[in-house]
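Residue numbers begin at 1 in each chain, while the letters A, B, ... track the order of the sequences.
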2 protein chains.
Amino acid sequence: MTETLPHKLRSDAQTNRDRILEAARSLYAEQGLEVTMREVARRAGVGPATLYRRFPARQALLEAVFDDELRTCRGVVEEGCADPDPWHGFTSVIEELSVLNAANKGFVDAFLAERPSETFAEHRSALLVKLDGLARRAQAAGRLRPDFVIDDLVLVLLAGRGLAITSKPARVAAARRLAALAIDALRASGTNAPLPPPPRAVEF
Amino acid sequence: MTETLPHKLRSDAQTNRDRILEAARSLYAEQGLEVTMREVARRAGVGPATLYRRFPARQALLEAVFDDELRTCRGVVEEGCADPDPWHGFTSVIEELSVLNAANKGFVDAFLAERPSETFAEHRSALLVKLDGLARRAQAAGRLRPDFVIDDLVLVLLAGRGLAITSKPARVAAARRLAALAIDALRASGTNAPLPPPPRAVEF
DNA sequence: CTGGAAGCGGACGCAGGCGTCCGTTAGCGT
DNA sequence: ACGCTAACGGACGCCTGCGTCCGCTTCCAG
């Protein structure tokens, strides 16, 4: 890790910063982002003041913590978009994002929040636009049901949040199965029933 | 309403009890069950002490509040089970429970909690057993995919929790669409892909 | 009408999180 | 080696929710 963004930190400060990030990362992943600042500080073995000095606003900590996840997320999407088979790419994205979400309880909360930070909102828009393109190609290939809209993908991702199961392996297994079901639901097939009007869950 | 369970209350006490229940009901429906006791008391226009006297434990309040919903829930399930067409009954149950959940943010949390109260756990078991029977009949009729297990239904219901969208109409619309997708996923069709191993999300 | 008990709710003490201040410690440049 | 200063974290005051106590009010039976 060992970040070096602004003007260089003293070595102990840098160490503490890293420990804070690691603590926050694991706490958010396990418990979602209702974790208190002090809990993060405690787990990191630093005082509250240190935490607040490095990350004066909660949002700053969130962004720093989820920077990696954001990168992973983008990787997944780009890989999916690069797939020569758009349907395969599309389903891969659903699967991998679902599992990522299940493994990081907090991430999807932060990322799909109704009032996200500007940073998250921008990344989200960009990714959704990419995914929209991928989806249209999958539709053109006749594999994705024609009445799919990109909001359905958001819906599926949001739905993953409901799987707030304590044990992490069970949570991941549940996410995997839910993703598989979602993929089956989205596949174009003669038996697709007409859907009720699509919702708009998040802006982009 | 005007309950009359234990030894009769004084008239003003009964009124307050009813107002508390109504306040709690609407607050839980709108905001889920992280609502504070005091907030309930405030909305009901009573002091905290009054609330605590009537419902010494949070759980008591929850059970009283969700008694109606539990009844509705059971009604939905029984109606579905009574349907001569098991697949139609099954899909009705999914639809209606999804909408019920979306309209009552707190209910599914209380009902599908990992550590539910004894009361909820019993009702849940009973309902799930009934639904399991319905599902088997729908499978026997060749309409429900053969690799469906009852836990998949729990999964779908849990997933509905993720749709924590602020506006209630939007939430209901989202729930409806998600339910429709789930039904499409669960329908037996030549294109059903094999599923990953099923999870066990709740005990029953 | 009236006595007494059921009921009420303001107020209390406790606990925990918040964000900040400041006296002390320790890294690092010279 | 040394001193400057960044950095640390314990401790503080504030706030909010919790569950309970107790003096006042109100219902209702006789």
Requested in this report: Scan nucleotides 7-19 of chain D nucleotide by nucleotide, 5' to 3', and note B when protein non-hydrogen atoms come under 4.0 Å of the base, S if they reach only the sugar-phosphate, - if neither.
Outcome: SBBBBB----SBB
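Listed by first and then second residue, the side chain to side chain donor-acceptor pair (under 3.5 Å) pairs involving residues 118-131 of chain A are A:E63-A:T119 (not counting sequence neighbours). Among residues at least two apart or in separate chains, side chain to side chain donor-acceptor pair (under 3.5 Å) pairs with a member in residues 41-52 of chain B are B:S26-B:R43. Screening residues 71-92 of chain A for side chain to side chain donor-acceptor pair (under 3.5 Å) gives A:D67-A:R71, A:D83-A:H88 as the qualifying pairs, with residues at least two apart or on separate chains.
In this structure B:R176 satisfies the side-chain contact (heavy atoms from CB on, under 4.5 Å) test together with A:P196, B:V99, B:V172, sequence neighbours excluded. Residues passing the ring pair (Phe, Tyr, Trp, His ring centres under 6.0 Å) test with A:F66 are A:Y28, A:F107, sequence neighbours excluded.
Atom CG of A:L61 and atom C1' of C:dG19 are 15 Å apart (whole Å).
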